[in-house]
Amino acid sequence: MRKRYFAAAAVGVLGVGLLGMTPAAHASNPVGTGANGFDGLAQVVTGGGSDTTYVVEGDIATVYQRTKGCELNLSGPPFQCNPTPPSPPPVADKSPIPDPNPFPGAPAGLGDYDHDSIVQAAAYGSGAGINSLSVGGVGCAAGTVPVPYSPAINYARSSRAPNTLAGGADERDNCTFWGYGQDGIVLESYGRPVVSNLTTAQLVSIYTCAVTDWSGLGFAAGTIQVWGMNTKSGTYATFNNYIKTKGGLASNFDIDSQPCVKKLADGTFPLENDSKQIIDDAGFDNTNAIWWGSLGEFLSFSYKRQTAKAWKVDNHTANLAGVFTLTYPITRVLYHVTTNTDADCVPTGAGSRSCTAEAEPDVAGTDNPVPGATSGTSGAVREYTRAMCRLDGSPNSPIDVFSGKTLDVEIDSAISNNFFTAVNDTLRTPGYRCQILT
Amino acid sequence: MLIRKVLAAVGVAAVSSVGFAAAASAAPNFTPNPNSNLSNGDISTLTYSGYPAGQLMYALQCDNNTTNNPNLDITRDCDPLSLNTDSTSDANGSGSIDFSVFVGKPLQPNLKWVCQAASDPVPPGGFTAFSTCYIRLTDNQATNVTDAVFQPITFKPTTTPPVPEAPFTVLLPLGALVVLGGAYFVVRNRRHAAA
């Protein structure tokens, strides 16, 4: 009889212990709370826009989806996160390959908690993606009407900074630009005997058609074949803006409208970054052509680069160190663009375009309830954006359950693998790994 | 006579095929010069051959090679920002690259390793120090492992190593010997002079 009492007492103590452990082990798992984008339901989120960042955003989305998520209740639809997940057994790490997680206490809930899928729609250019975002039927810039994207997208990929329109409306009015990487613009030629250095002044003279022969720049003679580019492209916008600014040109300056600038034989301008289009064109002049494109794509894809060779600009080699340190003259930030209603930073004051520094950048703050979306695809956009821009080395960085590395490390690798760079400290918003323009 | 011609032809063919085989099978390789006692920002010229012709070359500085670390990750074990793509291989698959070596921390943020001389102190913050680092050279694209070759480089100390103290147990007897020996010769010379 006494033994039975002891056994019952032992079971009771154990049970109380386990009950006590359950909430502790899952305290950070916001099962179906709706907070911070967690609604406990797997959503499909679609990004569209930039060609330049199509691959890298896909790679970042992939590592995000490899982070530890909630335990799903698979007993039937809607397969929501299990509100009462069983406690993990309290075992020590005895694996032959030790857990490399430097933050073993990192909560699972700060990655892709409810197993959302982030997919990349076809690339039609940064402008096409940004212009399609809608907040109650209004575009990113106040007073603009969104232009549909096919398929409809939830966030935009952009390789250019936000635009201010002629009337003063700004794409930051209703949207937020989350800069997660940097790229350079490389000037390319193909069969020229010498591809050495071009100054910014020489570039301005080329793209305003003030100089039309290479001999006017001190090189072997030949009519410069100046190729234009699809204007919806962020790569176009970035370089056009560079020439406009450095040349002191009119605000409506447009490279493609210059008389010496060449189109493809079918009357269109080539899409960015793919040299095959112009090399295969009937009018291509291998010796005298010049074009521009993304340094990241130039270094990543020999198939798109073909025989292109890079010019130095103002005696700076187009390389990643120059892009990261901002010493290469033509650099840009790569952005992930969300509507403010989906994901925004906490402004420093009413109407402010600056963000409050966050110890744990929760996109819209660590408060609960918080501004921004908390469920559906909008909440999923917010959850993804938060993970993308969380500061390096944060103890809240979730684990990639395949590699054992933290998400911040995996995002760094995704960016490096695509020959882009992290955002320089001087450009980052305090408390984030991103530069936020809102 | 016919046999001689046949033998000669066979000989020429054999020599030709040997020469051809040697040319075709030349493996990619390069030599960094200088490759030791390097300081931050020093230029090491990478003279390479055996690579495919007309390819953009990718040179990176890494903390190891794939022999020592089969799991080497070029985005974490190499500094992505050290990438040099200034060279395109010539028609023979050869060329040279002026590679700027770094000593200390990589430029890429959040990499926890350093290249430095063995005598240099390891910086705090969980860094791993490598006294031998490697330059990795490949072609066409950075992920090309088929043609990737690693060559070691070593570094000049940035701190002066402490001068080892001479042990008194050696110096004292030696000093005594010198003094006594000197005294002996002085006394002997005086005796000779007196005589």
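Per chain, numbering begins at 1; letters A, B, ... match sequence-line order. Quick caveat: nothing in here was measured; it's all calculated off a predicted structure.
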Practice task
Please confirm whether A:F284 and A:Y190 have ring centers closer than 6.0 angstrom.
Solution key: yes
Handout entry: Closest-packed option against chain B by number of heavy-atom pairs under 4.5 Å, given A:I415, A:T421, A:L320
Key = A:L320
Practice task
Anything under 30° is parallel, anything over 60° is perpendicular, the rest tilted; go ahead and classify A:Y384 against A:H336.
Solution key: perpendicular
Handout entry: Winner by heavy-atom pair count (cut-off under 4.5 Å) against chain B, out of A:T325, A:V409, A:N417
Key = A:V409
Practice task
Heavy-atom distances under 4.5 Å only: say whether A:S413 touches chain B with side chain, backbone, both or neither.
Solution key: both
Problem - Residue among B:N110, B:L83, B:T88, B:D73 with most heavy-atom pairs under 4.5 Å to chain A - result: B:N110
Practice task
Using only heavy-atom distances, determine whether the side chains of A:T52 and A:N273 contain a donor-acceptor pair under 3.5 Å.
Solution key: yes
Exercise for the section: Test the A:K276-A:Y303 pair against the cation-pi criterion, namely NZ or CZ under 6.0 angstrom from the six-membered ring centroid and within 45° of the ring axis. Expected result: yes
Exercise for the section: Using the six-membered ring wherever Trp is involved, compare the ring planes of B:W113 and B:F102 and label them parallel, tilted or perpendicular (cut-offs 30° and 60°). Expected result: tilted
Practice task
Tell me if the SG of B:C133 lies under 2.5 Å from the SG of B:C115.
Solution key: yes
Handout entry: Minimum side-chain heavy-atom gap A:E297-A:D51 below 4.5 Å
Key = yes
Practice task
Let me know if B:D86 has heavy atoms under 4.5 Å from chain A in its side chain, its backbone, both or neither.
Solution key: side chain
Exercise for the section: Go through the atoms of B:N140 and report whether side chain, backbone, both or neither lie under 4.5 Å from a heavy atom of chain A. Expected result: both
Practice task
Can you label the angle between the A:Y432 ring and the A:W178 ring as parallel, tilted or perpendicular, going by 30° and 60°?
Solution key: tilted
Exercise for the section: Pick one of side chain, backbone, both or neither for A:T307, based on which atoms fall under 4.5 Å of a heavy atom in chain B. Expected result: neither
Exercise for the section: With a 4.5 angstrom heavy-atom cut-off, could you sort out which part of B:N84 is near chain A: side chain, backbone, both or neither? Expected result: neither
Problem - Options A:A318, A:A321, A:S300, ranked by heavy-atom pairs under 4.5 Å with chain B, top entry - result: A:A321
Completion exercise
So the disulfide (SG to SG under 2.5 Å) pairs with at least one residue in residues 404-437 of chain A (sequence neighbours excluded) are A:C389-A:C434
Problem - Engaged part of A:V323 at the chain B interface, taking heavy atoms whose separation is under 4.5 Å - result: neither
Completion exercise
Assert top hit (heavy-atom pairs under 4.5 Å, partner chain B, pool A:R305, A:K309, A:K312) equals A:R305
Problem - B:Q108, part contacting chain A, at a heavy-atom distance under 4.5 Å - result: side chain
Handout entry: Interchain contact, A:N319 with chain B, by part (heavy-atom threshold 4.5 Å)
Key = side chain
